[in-house]
Amino acid sequence: MRSDSLETGRKKREAFTFLILAVLIWPFIAVGVVAGWGFLVWMYYLFTGPPGPV
């Protein structure tokens, strides 16, 4: 009986952790990666000029 309550508590904690990661942390990481890539491309074009024929 005691192991069932421990298992239930563990599953609730896992679900809470998953929700925190899925809803709060990963979206911020995704936006940060895209913004970082855009910044790198912007800086690259600032120094080398736009792509294409001159």
Taking only residues two or more places apart in sequence or in another chain, which ones pass salt bridge (Lys or Arg N to Asp or Glu O under 4.0 Å) with R13?
-> none
Can you tell me which residue pairs pass the salt bridge (Lys or Arg N to Asp or Glu O under 4.0 Å) test with a partner in residues 23-49, sequence neighbours excluded?
-> none
What pairs of residues pass the salt bridge (Lys or Arg N to Asp or Glu O under 4.0 Å) test when at least one of them lies in residues 14-31, not counting sequence neighbours?
-> R10-E14
Could you go through residues 21-47 and list every donor-acceptor pair under 3.5 Å that involves a side-chain atom there, pairing it with any protein atom two or more places apart or in another chain?
none

